[in-house]
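So the structure is just underneath, and the comments pick up after that.
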There are 2 protein chains.
Amino acid sequence: MPRPSQALLSRRRIVETAARLIDADGLEAFSTRRLAGELGVRGPSLYNHFANKDEILDAVADAVIAEVDVSVFGTHGWREALLGWGTSYRDALAAHPNIVPYLAQGPGRRPAALAMADAVYGGLVKAGWPPARATHIGAVMRYLVAGSALGSFARGFVEDPELYAAHYPHLSQAHRLAGHQRSVDEGAFRLGLQALITGLAAEYEATIGPLPPLEPSADSYYSRNLQR
Amino acid sequence: MPRPSQALLSRRRIVETAARLIDADGLEAFSTRRLAGELGVRGPSLYNHFANKDEILDAVADAVIAEVDVSVFGTHGWREALLGWGTSYRDALAAHPNIVPYLAQGPGRRPAALAMADAVYGGLVKAGWPPARATHIGAVMRYLVAGSALGSFARGFVEDPELYAAHYPHLSQAHRLAGHQRSVDEGAFRLGLQALITGLAAEYEATIGPLPPLEPSADSYYSRNLQR
DNA sequence: GAATAAAACTAACGCTGGAAGTTTTATTTC
DNA sequence: GAAATAAAACTTCCAGCGTTAGTTTTATTC
């Protein structure tokens, strides 16, 4: 069956289906044939729309980053912005953990990833951070977020009390971690993000000047969490 | 040629060779046949020593973690310990970035990874951190270290000025990042680690009590870097 | 309307991890 | 020490992988 009268595929449809498969089964189980099957076509048909499998993965990764909200850099001080952006960034990645090893390689030529980098770097420099420091901060945030989204810390511990009993005296409760996955993982990320911002604030005061005031709004999510 | 009189393979030899191949060519290019070829045998021979390819990768990952030095938890305060361990952890992973996506999944049943978790958690609890907080801190450190070792932040930016010119006004110098890979990546990690520890210290003082004094030794690497 | 391009298919290639079967040697059992 | 058993190497084979080349039909361009 050669070219159909109505297009069966589009880049968008391919990317959406690929994202769904990767979310459901992971990167290792993802194959061009599997994807083609889900789309009701054959493997080689994908090559009419993407040069290779990597290009599909690239597009999936950028679709994930496109979900990240960087608007706080235009509306809040740098501390609230880091908190809001970091949270949104981690939410986006945590919703799609299986693609994280792939997208953590850097923006490359991906439009959404570059737009995010542009907004973050620009916002930090505007806040008074020297350019080199702004770069470092962007990098650290990526480390923290990508690291936290790579896979559950809590679920990395096997639910078998016997495993820990003989040789790991302090890990007697480690088998319970997986059962508290969400609270452990989110609690850890929240702690890390807040501690990092607190530490950066100390450096800002020591090397740049007084901190910009936090939003006075009583119901502001950001001010509540950066109270000192 | 059936069973040789002298053993051609050992688990240790397999793991060392696998680690070398992964370091040289990456995880995607790593195959059981490639590994077998390097060892002078055929692919299926590996299955006499490891159940499957994943088990080989597991052993490689644990060999990397075995390089991490956690002894500072027994000799220094928790701040110096986090700094020293975090640095050693990142050094070990940065020396083997290609296996990082694999080992970041958590300790599982790997002896070295469990021993590391045991030492870190035990050290933090002994320093006064509540158990749940100690878990969070362990998780955050993994986020930061694994995230920073996943691949170079600086090299994630393409060395093409034209890419950034039209749509990313703040990224006019981004094409230069790759040329400063080492200083950017290490500078960022150092900043993140120190800021994180500073922030954690603030929480320790606010919720637990006075900080343990830093080592008085004038030449101590740790005290010099945690000065406030 | 003819020529060109695009999008689907099939067939094929070389590669992958691993199972099954065979052969020889080491180790265990008596 | 001989026989039985186990182990470690090989070969053959399987089903799956990403991708290329060629064919056919339809859309688009001139």
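Sequence lines set the chain letters: A, B, ... in the order given, protein chains first and strands last, and positions in each chain run from 1. Both backbone and side-chain heavy atoms feed into the values below; hydrogens, waters and symmetry mates do not.
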| note | So the side chain to side chain donor-acceptor pair (under 3.5 Å) pairs with at least one residue in residues 37-51 of chain A (sequence neighbours excluded) are Arg20(A)-Glu38(A)

| task | Write down the distance between NZ (Lys53(A)) and C1' (dT20(D)), rounded to a whole number of angstrom. | result | 17 Å

| Rounded to the Å, how far apart are Asn52(B) CG and dT16(C) P? | 17 Å

| said: List the residues meeting salt bridge (Lys or Arg N to Asp or Glu O under 4.0 Å) with Arg3(B), not counting sequence neighbours, and say none if there are none. | reply: none

| query | Taking five pairs at each end, how big is the angle between the two axes of the helix from dG1(C)-dC30(D) to dC30(C)-dG1(D), to 10°? | reply | 20°

| request: Check the distance between dT16(C)'s P and Leu35(B)'s CG and give it to me in whole angstrom. | output: 12 Å

| With Asp118(A), which residues qualify under salt bridge (Lys or Arg N to Asp or Glu O under 4.0 Å), at least two apart? | none

| note | With B for base contact, S for sugar-phosphate-only contact and - for none (protein heavy atoms under 4.0 Å), nucleotides 2-15 of chain D reads -----BBBBBB---

| message | In terms of relative ring orientation, are Tyr89(B) and Trp85(B) parallel, tilted or perpendicular, with 30° and 60° separating the classes? | response | parallel

| task | Apply salt bridge (Lys or Arg N to Asp or Glu O under 4.0 Å) to Asp54(A) and list each qualifying residue two or more places apart in sequence or on a separate chain. | result | none

| Atom-pair distance (CG on Leu21(B); P on dG17(C)), nearest Å | 12 Å

| note | Quick note, side chain to side chain donor-acceptor pair (under 3.5 Å) partners involving residues 134-146 of chain B, not counting sequence neighbours, are Arg133(B)-His136(B)

| note | Between CZ of Arg34(A) and P of dT19(D) the distance, given in whole Å, is 18 Å

| request: Quick one: label Phe30(B) by what it contacts on the DNA or RNA (base, sugar-phosphate, nothing), any heavy atom closer than 4.0 Å. | output: sugar-phosphate

| message | What is the distance, to the nearest angstrom, from the CG atom on Leu27(B) to the C1' atom on dG17(C)? | response | 15 Å

| query | Residues in salt bridge (Lys or Arg N to Asp or Glu O under 4.0 Å) with Arg34(B), at least two apart? | reply | Asp25(B)

| query | Is there a side-chain polar atom (N or O) of Thr32(A) under 4.0 Å from OP1 or OP2 of dG18(D)? | reply | yes

| Taking only residues two or more places apart in sequence or in another chain, which ones pass side chain to side chain donor-acceptor pair (under 3.5 Å) with Arg12(B)? | Glu16(B)

| request: Test Val15(B) against every option in Val60(B), Leu57(B), Asp58(B) by the side chain to side chain contact (heavy atoms under 4.5 Å, CB included) rule and name the one that passes. | output: Val60(B)

